[in-house]
Amino acid sequence: MSERQSSRKDAVRNREAVLAAADALFARRESPEDVTMADVAAAAGVGKGTLFRAFGDRAGLLRALYGARLEPIGRAVESGPPPLGPATPPRDRVPALLDAVLCFKLDNRRLALALEEGGGGGGGSPYRAEHYERWHGLLRAVLEQLPGLADSDFTAHALLAATRADLVEHLAGEERVPREEMRRQLANFVAAVLASGPLSPGPTAEE
């Protein structure tokens with residue numbers, strides 16, 4: 001094995017160790033802010049320099065961990081069978097996609113909250129984060145296949161707002177809404193949005 005191949009294998013191994021350590025720390029700590037880069041480096045058995053070279057900063061580490069956890073859903077959406085895969089009828093796929101987002105955030109509450117509170121790598125705006133833009137673009141494209149929907153772009157934003165991490169945390173944590181009840185409420189909300197026709201804007205002040 002060449003020195004370059006050995007170095008690459010070490011980098012992959014270190015990355016996996018860091019993601020596993022970060023995963024465990026976020027699962028155990030009460031607040032995402034309690035997890036520092038130093039904590040992750042120590043738990044992974046790597047130096048802080050290795051951590052920063054691999055991920056850049058804490059936000060980069062959060063994005064990498066979020067992306068790793070999201071991979072199975074991404075594969076199901078891109079090439080899987082119904083109800084998430086591309087062969088699903090649009091009216092069935094929209095609620096399935098949003099249910100998948102909700103369940104993912106319920107399963108990864110602290111991580112999702114930390115990422116969205118930090119802007120998700122979107123220059124301070126969670127709406128510019130790569131993972132948000134990917135979900136929004138997918139939903140918009142599916143919504144555009146539904147007849148009679150006036151504004152798929154805004155509708156995609158509005159539907160995703162019902163799965164924001166801070167709302168999920170509030171409902172699951174403070175209001176203690178059971179998981180299945182939350183899924184039912186979201187499904188009803190999505191059904192109501194899809195069932196409603198386009199609305200005419202109200203009169204302006206000049207009218």
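Bear in mind that the values here come from a model prediction, so they are computed numbers and not experimental data.
- Taking CG of Leu62 as the start and CZ of Phe26 as the end, the distance is 4.5 Å to the nearest 0.5 Å.
- Between Asp166 atom CG and Arg109 atom CZ the span is 12.5 Å, to the nearest 0.5 Å.
- Rounded to the nearest 0.5 angstrom, Arg140 CZ and Glu133 CD are separated by 9.5 Å.
- When all heavy atoms of Arg91 and Leu146 are compared, the closest pair comes out as N-CD2, 3.8 Å.
- Formation of a donor-acceptor pair under 3.5 Å by the Arg58 side chain with backbone atoms of Val35 is found in this model.
- By the rule that hydrophobic residues join a cluster once side-chain heavy atoms approach within less than 4.5 Å of another member, Leu115 and Leu113 end up as members of separate clusters.
- Taking the six-membered ring where tryptophan is involved, the planes of Tyr132 and Tyr127 are perpendicular, since the angle between them exceeds 60° and thus also 30°.
- Expressed to the nearest 0.5 Å, how far CG of Leu143 lies from CG of Leu159 amounts to 6.0 Å.
- Looking only at side-chain heavy atoms (C-beta outward), Pro89 and Asp92 come within less than 4.5 Å of each other.
- Nearest heavy atom pair, residue Leu84 against residue Ala100, reads CD2-CB, 4.0 Å.
- Partners of Tyr66 according to the ring pair (Phe, Tyr, Trp, His ring centres under 6.0 Å) rule, which considers only residues two or more places apart in sequence or in another chain, are Phe104, His131.
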Step by step, work out the salt bridge (charged side-chain N to carboxylate O under 4.0 Å, His left out) result for Arg13 and Glu16.
CA-CA 5 Å; Arg13 186 163 51 246; Glu16 290 174 349; over 6 Å; no
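- If you take CG on Asp99 and CE on Met182, they are separated by 11.5 Å, rounding to the nearest 0.5 Å.
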Begin from the C-alpha positions of Glu181 and Arg176 and carry the test salt bridge (charged side-chain N to carboxylate O under 4.0 Å, His left out) through to its verdict.
CA-CA 10 Å; Glu181 175 63 12; Arg176 300 195 179 280; over 6 Å; no
As a quick check of understanding, evaluate side-chain contact (heavy atoms from CB on, under 4.5 Å) for Leu149 and Glu144, giving each step before the final call.
CA-CA 7 Å; Leu149 195 65; Glu144 285 172 352; over 6 Å; no
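- Judged by distance alone, the side chain of Thr88 and the main-chain N or O of Pro83 form a donor-acceptor pair under 3.5 Å.
- Here the closest non-hydrogen pair linking Arg183 and Cys103 is NE-SG, 3.5 Å.
- Annotation for Arg93 and Val77: closest pair NH2-O, 2.9 Å, computed over non-hydrogen atoms.
- You'll find the side chain of Arg28 reaches within 4.5 Å of the side chain of Leu25, heavy atoms only.
- Between Leu98 and Leu139, some side-chain heavy-atom pair lies under the 4.5 Å cut-off.
- Of all non-hydrogen atoms in Leu19 and Ala68, the two that sit nearest each other are CD1-CB, 4.4 Å.
- Looking at residues two or more places apart in sequence or on another chain, you find a side-chain hydrogen bond (donor to acceptor under 3.5 Å, both in side chains) between Thr36 and Asp39.
- Phe55 places none of its side-chain heavy atoms less than 4.5 Å from the side chain of Thr50.
- Contact annotation: the side chain of Phe52 never approaches that of Leu61 to less than 4.5 Å [non-hydrogen atoms, C-beta and beyond].
- Residues Glu116 and Lys105 have side chains in contact (heavy-atom distance under 4.5 Å, counting atoms from C-beta outward).
- Side-chain contact check for Gln185 versus Val177: some heavy-atom pair is nearer than 4.5 Å.
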In sequence, state the C-alpha distance, the side-chain angles, and the governing distance for Glu78 and Arg75, and then conclude on salt bridge (charged side-chain N to carboxylate O under 4.0 Å, His left out).
CA-CA 5 Å; Glu78 290 173 8; Arg75 289 194 297 269; over 6 Å; no
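- Distance CG/Leu167 to CG/Leu171: 4.5 Å, rounded to 0.5 Å.
- Looking at every heavy atom in both residues, Ala44 comes nearest to Ala17 through CB-O, 3.8 Å.
- With salt bridges taken as basic N to acidic carboxylate O contacts below 4.0 Å, one links Arg179 and Asp107.
- Using modelled atom types, no side-chain atom of Asn108 and backbone atom of Leu111 make a donor-acceptor pair closer than 3.5 Å.
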Residues Leu138, Val142; criterion side-chain contact (heavy atoms from CB on, under 4.5 Å); working and verdict
CA-CA 6 Å; Leu138 173 63; Val142 179; 4.3 Å; yes
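- For the pair Leu194 and Val190, the minimum side-chain heavy-atom distance is below 4.5 Å.
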Derivation and outcome, side-chain contact (heavy atoms from CB on, under 4.5 Å), residues Glu130 and Arg63:
CA-CA 9 Å; Glu130 181 183 353; Arg63 289 195 299 273; 5.8 Å; no
